[in-house]
Amino acid sequence: MIQPKILAIWALLLIAGFVSLGFARWSLAFVSFATLALSLMPPLLAARWSLTLPLPVLIFTTLFFFASIFLGEAFDFYERLWWWDLALHGSSALGFGLSGFLFVFMLFEGDRFAAPPRPSPSSPFVSP
């Protein structure tokens, strides 16, 4: 089930896109619809490939797209707030770091890729 906050963000983007079309603000309409399309991609791809997408991942990606594209570009947060770019890059780095850790953790969870209990004597840098 999709969180009401995510639905509110999607509705806000849809309304902003149609209002900006009504006022002939083409760039804002494009940014609104592009942000909406990008934030809809993770749940649509997960449904297509029969995957279960964790709710925090969906919330994080939707908020990240909303903050970076819609607020950053359309409402010029990159120029208004000096720390905006730093906050987005920091949250992106945190997300990618956690994803990489979880990937390696899942990769080595079973015995298939487990390391040997002792290092091999053929390794020149590791003493047995």
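Because the structure is a prediction, the values reported are computed rather than measured. Computed over heavy atoms, backbone and side chain alike; hydrogens, waters and symmetry mates excluded.
By the rule that hydrophobic residues join a cluster once side-chain heavy atoms approach within less than 4.5 Å of another member, W26 and I69 end up as members of one cluster. Under the 4.5 Å side-chain heavy-atom criterion for ILVMFWY residues, no single connected hydrophobic cluster contains both F23 and L14. L94 and F96 are not part of a single hydrophobic cluster, where members link through side-chain heavy atoms under 4.5 Å apart. L13 and V19 fall into different hydrophobic clusters, defined by Ile, Leu, Val, Met, Phe, Trp and Tyr side-chain heavy atoms under 4.5 Å apart, directly or through other members. Hydrophobic clustering places W82 together with F77 (ILVMFWY residues linked when any side-chain heavy atoms are closer than 4.5 Å, directly or through intermediates).
Here the side chain of S92 pairs no donor or acceptor atom with the backbone of L88 at under 3.5 angstrom.
Nearest heavy-atom pair, A29 versus G17, reported as atom, atom and distance to 0.1 Å: CB-O, 3.8 Å. When all heavy atoms of E73 and Y78 are compared, the pair lying nearest together is OE2-CE1, 3.5 Å. Minimum interatomic distance between F70 and A16 (heavy atoms only, all atoms of both residues): CZ-CB, 3.8 Å.
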For residues 38-60, which side-chain N or O atoms pair as donor and acceptor with protein atoms under 3.5 Å away, sequence neighbours left out?
unit_1 : atom_1 : unit_2 : atom_2 : d
S39    : OG     : W10    : NE1    : 3.0
S39    : OG     : T35    : O      : 3.1
S39    : OG     : L36    : O      : 3.1

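Around atom CZ of F30, no more than 12 heavy atoms belonging to other residues, nucleotides or ligands sit under 6.0 Å away.
For the atom pair OG1 (T62) and NZ (K5), the distance works out to 12.5 Å, reported to the nearest 0.5 Å.
Under the side-chain hydrogen bond (donor to acceptor under 3.5 Å, both in side chains) criterion, D76 pairs with no residue at all, not counting sequence neighbours.
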